Amino acid sequence: MKLYNALTKKVEDFKPSVAPEVRLYSCGPTVYDYPHIGNWRSFVFVDTLRRALESNSFSVKHVMNITDVGHLTSDADEGQDKLEAGAEREGKSVWDVAKHYTDVFIQGAQALNLLSPNAYSGPIGPYARATDFIAEQVNLIKLLMDKGFAYKIKQAIYFDVSKLPSYGELSGQKLTDKAVGAREDVVTDAKKRNPQDFALWFFRVGRFADHEMRWPSPWGEGFPGWHLECSAIAHATLGDPLDIHTGGVDHIGTHHPNEMAQTEAAFGHRLANFWLHNEFVLVDGQKMSKSLGNFITLDSVVKKDYDPLALRLLFLQAHYRSQLNFTWEALSAAQNFLKRLQAWADLKFQPNLGHKKKAADVYKPLLDKIVSEIQDDLNTPQALSELSKLSELSEHEGVDSEKIQPLLEGVDKIFGLKLASRKDVNQSIKEWISQRQKARDSQDWSRADKLRQQLMKHGIGINDTPHGPVWSRI
RNA sequence: GGCACCGUGGCCGAGGAAUUAGGCAAAGGUCUGCAAAACCUUUUUACGCGGGUGUAAAUCCCGUCGGUGCCUCCA
């Protein structure tokens with residue numbers, strides 16, 4: 001199996017440290033607002049990665065965190081905790097805000113048919129909340145303090161990046177370049193030893209005096225910095241070095257180097273052997289942002305009558321390392337493609353159609369091709385083109401309902417489009433279809449058309465073929 | 001200023017030196033009592049522009065124009 005590794009900037013042969021087990025950690029959402037489709041793309045990417053690994057007989061242990069504390073709106077002095085900002089905006093407590101958006105996230109994950117993380121179980125199920133790992137984070141700071149990698153000043157405990165020579169390896173940029181090149185309006189804490197030093201623990205002083213979320217620590221009451229949770233949770237749940245760590249490309253510069261630094265400094269080994277990053281979704285050629293008003297949520301997609309799985313399919317039609325330019329037209333195209341695939345899957349309920357001579361031996365090579373494309377650095381677009389050929393083949397040759405089911409299951413394992421679990425139409429629909437056919441046989445066209453209209457009302461379209469009527473959901 | 005990436009037919013997008021994805025849309029046609037949401041066919045000088053190296057370039061190199069991202073919270 002081949003994967004692009006951001007550490008080496010090359011596509012490499014992926015091997016976990018203890019096969020067949022793969023320990024996979026993914027940066028999850030910060031639950032302070034509705035996730036946009038760019039966020040969802042990164043979670044669909046992780047899901048695809050997991051399915052690809054599993055298709056290669058790896059047994060994946062997956063952990064995803066949920067950031068519900070400590071994520072500041074900026075590193076500057078006026079930076080605010082995102083959760084606190086959300087609470088202020090909505091007039092709720094931070095805990096309510098976190099709970100609300102956690103629920104929103106979990107519902108969205110289900111709608112997109114994302115596999116739940118499976119290597120941790122906590123108060124809210126399979127997702128690891130930062131606030132459920134405060135003790136682990138405090139312990140990590142202790143280690144860093146003992147080893148001289150962290151220092152305390154009035155406002156916070158900082159990680160001293162100058163103490164770790166390997167700092168910033170991933171970003172491929174020199175510290176000096178970064179320091180010089182940063183935009184003028186970025187204000188950093190003047191008391192930090194180095195501009196890149198990042199907070200491990202914030203004290204309840206100054207701008208954080210009224211911070212609602214707070215815990216005791218050996219150094220004083222406060223709350224953890226954002227980067228800390230990933231190192232602590234990964235260490236506590238999966239153990240490091242991880243086989244794979246994922247996140248968005250935006251983390252290459254700051255968040256991931258900081259995670260790496262914490263783990264390397266505290267435990268003396270790297271955090272992960274493979275680092276995979278997904279590219280952004282652009283909207284009309286630009287990054288999504290609230291100020292541009294091009295912030296698209298899953299909710300707005302559903303409100304426009306799109307199937308969340310159409311969004312999933314749209315994501316899969318582009319490579320995860322390419323920027324994807326979202327347009328509603330492209331989403332419509334994906335939705336139409338999805339409907340065609342669903343109609344194809346529904347043929348399994350209508351096995352009386354066409355010939356049945358082609359069997360699993362024809363499907364198998366195509367399914368194998370799909371799997372091999374997916375294992376080639378997750379080439380989902382290429383794999384989907386094979387799927388398209390596969391569905392055409394079946395449509396032409398007729399469908400053997402016995403043999404198509406395993407095929408659909410194989411396809412679902414890769415793409416997660418829920419083709420195998422589709423339900424047959426109910427008994428009354430079947431009855432109407434057969435009554436309509438009887439009416440047609442006796443040339444009672446008005447009754448036949450009435451029944452067809454009735455079926456249409458229930459979302460069922462009828463196509464009369466030489467082999468009899470074929471229904472499809474419309 | 002520094003670091004990357006990208007410009008592919010109406011739209012979305014793979015590929016990446018000779019065989020040239022796929023989806024959607026569009027056009028024509030077929031079966032049919034009617035119908036299409038069904039089927040078939042077509043869309044085979046598509047690779048930003050200008051040079052260069054190759055027997056051969058969309059694919060490599062140089063330049064150029066344009067776009068995007070990161071360097072600040074960010075998927």
Side-chain angles (χ1 to χ4, degrees), chain A residues 9 26-30 32 35-46 71-76 79-82 85 168 171-188 195-196 226 246-255 277-282 285-289 313-314 316-341 343 373 379-389 392 395-396 440 443-446 448-449 452 456 459-466 469-474:
Chain A
K9 295 197 164 82
S26 305
C27 288
T30 299
Y32 70 109
H36 54 63
I37 57 174
N39 299 112
W40 288 120
R41 183 190 194 189
S42 90
F43 302 130
V44 169
F45 149 64
V46 171
H71 199 161
L72 304 190
T73 55
S74 105
D75 200 29
Q80 197 183 1
D81 185 309
K82 289 191 171 190
S171 75
Q173 235 189 330
K174 289 177 190 161
L175 283 186
T176 46
D177 287 344
K178 282 181 117 177
V180 172
R183 263 172 31 183
E184 290 163 15
D185 56 330
V186 175
V187 184
T188 51
Q196 292 78 29
W226 173 45
T246 69
V249 282
D250 50 323
H251 288 326
I252 291 172
T254 305
H255 182 51
H277 301 96
N278 64 283
E279 256 295 352
F280 278 128
V281 173
L282 306 182
Q286 282 184 303
K287 184 177 168 177
M288 242 183 292
S289 76
L313 185 55
L314 178 65
L316 296 177
Q317 282 184 295
H319 190 89
Y320 75 95
R321 283 193 285 122
S322 298
Q323 292 176 341
L324 168 61
N325 189 29
F326 176 90
T327 61
W328 290 102
E329 194 183 352
L331 182 58
S332 293
Q335 172 115 312
N336 288 340
F337 185 22
L338 178 65
K339 280 190 176 163
R340 200 192 95 202
L341 292 172
E373 289 293 354
N379 195 338
T380 51
Q382 206 62 51
L384 279 173
S385 88
E386 300 298 340
L387 175 61
S388 183
K389 289 173 195 164
E392 271 173 26
E395 281 161 8
H396 293 179
R440 291 183 74 230
Q443 306 205 338
D444 184 353
W445 308 126
S446 73
D449 287 348
R452 182 161 65 191
M456 287 274 272
I460 302 295
I462 297 292
N463 177 32
D464 296 316
T465 75
V470 178
W471 59 261
S472 59
R473 292 185 176 87
I474 52 176

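In what follows, every chain begins at residue 1, and chains take the letters A, B, ... in the order their sequences are listed. Here the structure is a predicted model, which means the values were calculated and not measured.
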If you compare all heavy atoms of S42(A) against all heavy atoms of N278(A), which two are closest, and at what distance to 0.1 Å? CB-OD1, 3.0 Å

Take the protein atom NZ of K287(A) and the nucleotide atom P of C5(B), then report the distance between them rounded to whole Å. 19 Å

Using only heavy-atom distances, decide whether a donor-acceptor pair under 3.5 angstrom links the side-chain of R452(A) to the base of C34(B). yes

Compare every heavy atom of Q317(A) with every heavy atom of F337(A), then report the nearest pair and how far apart it is. CD2-NE2, 3.7 Å

What does Q335(A) touch in the nucleic acid at a heavy-atom separation under 4.0 angstrom: a base, only the sugar-phosphate, or nothing? nothing

Quick one: does R321(A)'s side chain get under 4.5 Å of V249(A)'s, heavy atoms only? no

Result for 5'-nearest mapping on RNA chain B, choosing between M456(A) and N278(A), is M456(A)

Does any N or O in the side chain of N336(A) come within less than 3.5 Å of the main-chain N or O of A333(A), such that one atom is a donor and the other an acceptor? no

Whole-Å distance between C34(B) C1' and R440(A) CZ? 9 Å

Can you list the stems that include RNA chain B, where a stem is three or more consecutive Watson-Crick or G-U pairs with distances under 3.5 Å? B:1-7 with B:65-71, B:10-12 with B:22-24, B:26-30 with B:38-42, B:48-52 with B:60-64

Under 4.0 angstrom, heavy atoms only, what part of the nucleic acid is L282(A) near: base, sugar-phosphate, or nothing? sugar-phosphate

Reported CD1-to-CG distance for the pair I462(A) and D449(A), which is rounded to 0.5 angstrom: 12.0 Å

Among U68(B), C71(B), G33(B), the one nearest any side-chain atom of Q286(A) is U68(B)

Between NE2 of H255(A) and P of A75(B) the distance, given in whole Å, is 9 Å

Give one of base, sugar-phosphate or nothing for G248(A), where a contact means two heavy atoms less than 4.0 Å apart. sugar-phosphate

Intermediate values then yes/no, side chain to side chain contact (heavy atoms under 4.5 Å, CB included), Y320(A) and E279(A): CA-CA 6 Å; Y320(A) 75 95; E279(A) 256 295 352; over 6 Å; no

Return the 5'-most residue of the pair S332(A), G461(A) with respect to RNA chain B, ranking by each residue's nearest nucleotide. S332(A)

Nearest-angstrom distance from the residue atom CG of D250(A) to C1' of C3(B): 15 Å

Tell me: CD of Q196(A) to C1' of G2(B), nearest whole Å? 13 Å

For G66(B), is chi within 90° of 0 (syn) or not (anti)? anti

In whole angstroms, the gap separating C1' of C70(B) from CZ of F280(A) amounts to 8 Å

Test side chain to side chain contact (heavy atoms under 4.5 Å, CB included) on M456(A) and I474(A) and set out the steps. CA-CA 8 Å; M456(A) 287 274 272; I474(A) 52 176; 3.6 Å; yes

Could you check whether the side chain of D464(A) and the base of C34(B) have a donor-acceptor pair of N or O atoms closer than 3.5 Å, going by distance alone? yes

Measure the distance from NE2 on H277(A) to P on C5(B) and round it to the nearest whole Å. 15 Å

Whole angstrom value for the distance that separates P of A75(B) from CH2 of W40(A): 12 Å

For W328(A), is there any backbone N or O sitting under 3.5 Å from a side-chain donor or acceptor partner on S332(A)? yes

What is the per-nucleotide protein-contact pattern of nucleotides 12-23 of chain B, from the 5' end, where B denotes a base atom under 4.0 Å from a protein heavy atom, S denotes such proximity for sugar-phosphate atoms only, and - denotes neither? SSSS-----BBB

Looking at N463(A), does any N or O in its side chain come under 4.0 Å of the phosphate oxygens OP1/OP2 on A38(B)? no

For G247(A), answer base if it contacts any base atom (sugar-phosphate contacts may also be present), sugar-phosphate if it contacts only those atoms, and nothing otherwise; contact means non-hydrogen atoms under 4.0 Å. sugar-phosphate

